[in-house]
Undergrad: 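One structure follows; several queries about it will come next.
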Amino acid sequence: MEEHAVLTCDCSFVGLKPIMVDLPYPPICVREKNMAYAGYLSIDYCGAVSELSAITQYINNETRLACENCPMARTILGIAVAEMMHLQKLGELIVLLGGTVDYAAKYKNGRRMLWTPEFLSLQKERERIIAAGIESEQAAIQQYQAHIRMIGDEYVNAVLKRIIMDEEYHIMLLQALSCEK
């Protein structure tokens, strides 16, 4: 008879909701097609600092924490779900701007970079997992702010500003988690 490995933690994710600011997102619309703006958003979508990187990193970290610290793992997964919503909204904006969603960040110089797990900071210790999350949220906020300065479309910028609110909330939650023993 074969032996099977069984995960013996009882961390349940039933009923998990995205962890985000309790405010609606602005409508997903653009003033007009603009490939340069679509390129900036492609970097936010799947560049080194991106929603795709955040989701993947958080899911990996949740898996590492689930048996050791279920409440922390649930928080991490709730943040990941919010990041999935950001990814979806960015994808819609990219398409409306005339771009394509193909997991390649498109830079002004014409360079394209495919998303890779090499962008991730995969940590083993709880403290480093939380610190890496805070660092990636801070980098995302800085990148969104830079893109807001480069994008002259108030509709796109309203969505980016709303996403920043969630990222700031995530930093606050991660900082609180870092204080837990």
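All values below come from the heavy atoms of this structure, side chains included, with hydrogens, waters and symmetry mates left out.
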Undergrad: If you look only at distance, which donor and acceptor atoms sit under 3.5 Å apart when one is on a side chain in residues 110-119 and the other is two or more places apart or in another chain?
TA:
| unit_1 | atom_1 | unit_2 | atom_2 | d |
| --- | --- | --- | --- | --- |
| Arg112 | NH1 | Asp102 | OD2 | 3.3 |
| Trp115 | NE1 | Ser53 | OG | 2.8 |
| Thr116 | OG1 | Glu118 | N | 3.2 |

Undergrad: With sequence neighbours left out, write down each residue that passes side-chain contact (heavy atoms from CB on, under 4.5 Å) with Glu154, or none if nothing qualifies.
TA: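 Checked Glu154 against side-chain contact (heavy atoms from CB on, under 4.5 Å); matches are Arg31.
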Undergrad: Quick one: salt bridge (charged side-chain N to carboxylate O under 4.0 Å, His left out) partners of Glu168, sequence neighbours excluded?
TA: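 Listed in chain order: nothing, the list is empty.
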Undergrad: Return the set of residues passing side-chain hydrogen bond (donor to acceptor under 3.5 Å, both in side chains) with Ser121 (not counting sequence neighbours), or none when no residue passes.
TA: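 Result, side-chain hydrogen bond (donor to acceptor under 3.5 Å, both in side chains) vs Ser121: Gln123.
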Undergrad: Side chains of Leu177 and Leu173: does their closest heavy-atom pair fall under 4.5 Å?
TA: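 No, their side chains stay 4.5 Å or more apart.
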Undergrad: Name all residues meeting the side-chain contact (heavy atoms from CB on, under 4.5 Å) criterion together with Glu125; count only those two or more places apart in sequence or in a different chain, and write none if there are none.
TA: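 So Glu125 forms a side-chain contact (heavy atoms from CB on, under 4.5 Å) with Glu127, Arg128.
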Undergrad: Residues in ring-ring contact (aromatic ring centres under 6.0 Å, His included) with Tyr103, at least two apart?
TA: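 For Tyr103, the residues satisfying ring-ring contact (aromatic ring centres under 6.0 Å, His included) (neighbours in sequence not counted) are Tyr45.
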Undergrad: May I ask you to check if the distance between the SG atoms of Cys11 and Cys70 is under 2.5 Å?
TA: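 With an SG-SG separation under 2.5 Å, Cys11 and Cys70 do form a disulfide.
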Undergrad: Taking side-chain hydrogen bond (donor to acceptor under 3.5 Å, both in side chains) as the definition, give me every residue that meets it alongside Asp44, ordered by chain and number, with sequence neighbours left out.
TA: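 Only Gln143, His147 meet the side-chain hydrogen bond (donor to acceptor under 3.5 Å, both in side chains) criterion with Asp44.
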Undergrad: Keeping the roles fixed (side chain from Ser178, backbone from Ile130), state whether a donor-acceptor pair exists under 3.5 Å.
TA: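 No, the answer is negative, given that no donor and acceptor are paired below the 3.5 Å cut-off.
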Undergrad: List the residues meeting side-chain hydrogen bond (donor to acceptor under 3.5 Å, both in side chains) with Gln142, not counting sequence neighbours, and say none if there are none.
TA: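 Here no residue qualifies.
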Undergrad: Among all residues two or more places apart in sequence or in another chain, which pass the disulfide (SG to SG under 2.5 Å) test with Cys29?
TA: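 Here no residue qualifies.
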Undergrad: For Arg162, check side-chain hydrogen bond (donor to acceptor under 3.5 Å, both in side chains) against everything at least two apart and list the hits.
TA: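 Residues passing side-chain hydrogen bond (donor to acceptor under 3.5 Å, both in side chains) with Arg162: Asp166.
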Undergrad: Only counting residues at least two apart or in another chain, list the ones meeting side-chain contact (heavy atoms from CB on, under 4.5 Å) with Leu122.
TA: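 Partners of Leu122 under the side-chain contact (heavy atoms from CB on, under 4.5 Å) test: Asn60, Arg64, Leu120.
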Undergrad: Just wondering, are more than 12 heavy atoms of other shown residues or ligands nearer than 6.0 Å to CG in Asn109?
TA: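 Yes - once you tally the heavy atoms of other residues, nucleotides and ligands closer than 6.0 Å, there are more than 12.
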Undergrad: Please determine if Lys89 forms a cation-pi arrangement with Tyr25, meaning its NZ or CZ atom is less than 6.0 Å from the six-membered ring centre and no more than 45° off the ring axis.
TA: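 Yes, Lys89 sits over the ring of Tyr25.
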Undergrad: So, for Ile19 and Arg74, which heavy atoms are closest and what is the spacing to 0.1 Å?
TA: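 Residues Ile19 and Arg74, closest heavy atoms: CD1-O, 4.4 Å.
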Undergrad: State which residue, out of Thr75, Ile76, Leu77, fulfils the side chain to side chain contact (heavy atoms under 4.5 Å, CB included) condition with Leu65.
TA: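 By the side chain to side chain contact (heavy atoms under 4.5 Å, CB included) criterion, Leu65 pairs with just one of Thr75, Ile76, Leu77: Ile76.
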Undergrad: Tell me if a side-chain donor or acceptor on Tyr37 pairs with a main-chain N or O of Ile94 at a distance below 3.5 Å.
TA: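 Between the backbone of Ile94 and the side chain of Tyr37 there is no qualifying donor-acceptor contact (under 3.5 Å).
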Undergrad: Who pairs with Val81 by side-chain contact (heavy atoms from CB on, under 4.5 Å), at least two apart in sequence or on another chain?
TA: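 Checked Val81 against side-chain contact (heavy atoms from CB on, under 4.5 Å); matches are Leu16, Pro18.
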